Colleague: 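Pasting a structure below so you can have a look.
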Amino acid sequence: MIGTSYHSNQHNDLAVLSAAVVAYAEERIRLAPPLDRPLTEAELIETVGNTITPEGRGGVEAMRIFTDDLAPTCLSTDHPRYLSFIPCAPSDAASMFDLVVGASNIYAGSWLEGAGAVYAENLALRWIADLAALPAGAGGVFTPGGTIGNLSALVAARHTARERARAGTRPNVVIATDGAHSSIKSAAEVMDAELATVPKDAAGRMTGENLRRVVVEQGPEKVFAVVATAGTTNFGIIDDLASVAAVCQEFGIWFHVDGAYGGAGLAAPSIRHRYVGIELCDSFIVDPHKWLFAPYDCCALIYRDPALARAAHTQKAGYLDVLTEAPEWNPTDYSIGLTRRARGLPFWFSLTVNGTDAYTSAVEHTLNIARYAEEEVARRPYLELVRERDLTVVVFRRLGWAAEDYHRWSDAMLADEFAFVVPTTHEGETLARFAIVNPQTSEGDIRGILDAMQ
Ligand SMILES: *Cc1c(COP(=O)(O)O)cnc(C)c1O
């Protein structure tokens, strides 16, 4: 039986179950995990079948099913040669503490229920706000990911613009470049807003000059937000934030910065100057589950003036009055969603354990590995860089290869459980791409993958 006691039958003896769970977690975090590879659904039906039975299989058996049959079919996104999409490479402290967060069953939507957790999450948000040089009043919430972070910021932006608009105008246009993340387009669709595109400059960036033309074309009173990207997903390009901010200020338009991947670079003094202008944003996101060593799923969403977000997002209902009428900080008031886990706590714990200097070193280290990858590509006659690297994304071509060759190379490395590096496409061309955010990724790992392209 569940509910009355975990000890109600031998299947569910808590001591046995916790030993199995903790041993697994400890080993998974301590050991370098294999890369693993997926099975098809038919194969899983064949090997695992249905595990859910009327009597229950018991904790030890359920752990065995996970350990032997399920886990090996899930890629280790923290593997040092997992360089696709954006990997996730949590610190040991962050991963371990995620177990504690799970066990604690904290409701982190309100201060009333989760005071200490909300307080600690806010310390972590404050560290990020300080990196971006946002004012003391800035604040926000940890959301499940950049997609919800961007959507929540844009909902706050549109709500604010409509409150301020002259009678008869309903601002409904959001502006970005075509290098912006797909979640911006999907947010516009969810909101039934129009997405207008700014042409990029020669370096692939949004600039104030190009932005101004689009704002004027659209009609400034119709535009509720401009989204600049601080580290595009495909190339790591940072828009010209300062000139974009100036245009937003000139027209009184909400300035949102999507730093889901690249925002972590704020912690690296060697590249901090590229983010100048970010301090003028109205909202900003960064995913600690990307390049700030936190486990899934964790996006930090920060507003310059949180009261504007609260006005847009607070849910009103009789049963919630005791929360919504309280003066304390309720994270749920700052994004889409009501119930939330304290998903910022593993990140907070790791910051507290390791100190922020360790974050600076780790981000700088991955920048160095990316520089090494770029140099290795340049050094090899059969490879060619597509574009100079801004952050830790390196995009390059194998001379003489067609799309099939890239796929064959990528599939073979996964089949061997050696590396997970999927091709990308840019302007119709298939290319190779590394995204390096894992401090464990070594120069040897980079050489091994490039050698496999010979
Ligand atoms: C990854 C990414 C997102 C989406 O974040 P999720 O956490 O995957 O929802 C948004 N913007 C950029 C620039 C990204 O790299």
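Being a predicted model, the structure only gives us computed values, none of them experimental. Just so you know, ligand 1 is whichever comes first in the structure, and atom 1 is the first atom listed for that ligand.
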Colleague: Within the 4.0 Å heavy-atom shell around S183, which atoms of ligand 1 are there?
Modeller: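 Counting from 1, the qualifying ligand atoms are 10 (C).
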
Colleague: Looking at atom 6 (P) of ligand 1, what's its closest protein heavy atom, distance included?
Modeller: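 In this structure, atom 6 (P) of ligand 1 has G146 N, 3.2 Å as its nearest protein heavy atom.
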
Colleague: Polar contacts were defined as any N/O atom of the residue lying under 3.5 Å from an N/O atom of the ligand; does this apply to T232 and ligand 1?
Modeller: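 Not met; the criterion fails.
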
Colleague: State plainly whether the residues R447 and E376 are in salt-bridge range, i.e. N to O under 4.0 Å.
Modeller: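 Looking at R447 and E376, the cut-off is not met.
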
Colleague: Using distance alone, determine whether H289 and ligand 1 share an N or O pair under 3.5 Å.
Modeller: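 Yes, at least one N or O pair falls under 3.5 Å.
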
Colleague: In the protein, what heavy atom is nearest to atom 8 (O) of ligand 1, and what distance, to one decimal place, separates them?
Modeller: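 Result: K290 NZ, 4.2 Å.
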
Colleague: Applying a heavy-atom cut-off of 4.0 Å, say which part of D287 lies close to ligand 1: side chain, backbone, both or neither.
Modeller: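 The part of D287 near ligand 1 is the side chain, not the backbone.
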
Colleague: How far is atom 11 (N) of ligand 1 from its nearest protein heavy atom, and which residue and atom is that?
Modeller: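 Of every protein heavy atom, D258 OD2, 2.6 Å lies nearest to atom 11 (N) of ligand 1.
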
Colleague: Name the closest protein heavy atom to atom 4 (C) of ligand 1, giving the residue it belongs to and the distance to 0.1 Å.
Modeller: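 Protein heavy atom with the smallest distance to atom 4 (C) of ligand 1: H181 CE1, 3.3 Å.
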
Colleague: Going by the atom numbers of ligand 1, which of them fall below 4.0 Å from some non-hydrogen atom of A260?
Modeller: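 Numbered from 1, ligand 1 contributes 2 (C), 3 (C), 10 (C), 11 (N), 12 (C), 14 (C).
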
Colleague: Does P144, backbone or side chain, put an N or O under 3.5 Å from an N or O of ligand 1?
Modeller: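 Among all N and O atoms of P144, none is under 3.5 Å from an N or O of ligand 1.
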
Colleague: Between F347 and Y359, how do the two ring planes meet: parallel, tilted or perpendicular, split at 30° and 60°?
Modeller: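 Perpendicular: the ring planes of F347 and Y359 meet at over 60°.
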
Colleague: Centroid separation under 6.0 Å, is that true for the rings of H289 and Y296?
Modeller: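 Ring centroids of Y296 and H289 are less than 6.0 Å from each other.
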
Colleague: If the contact criterion is a heavy-atom separation under 4.0 Å, does N150 count as touching ligand 1?
Modeller: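 For ligand 1, residue contact (heavy atoms, under 4.0 Å) with N150 is present.
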
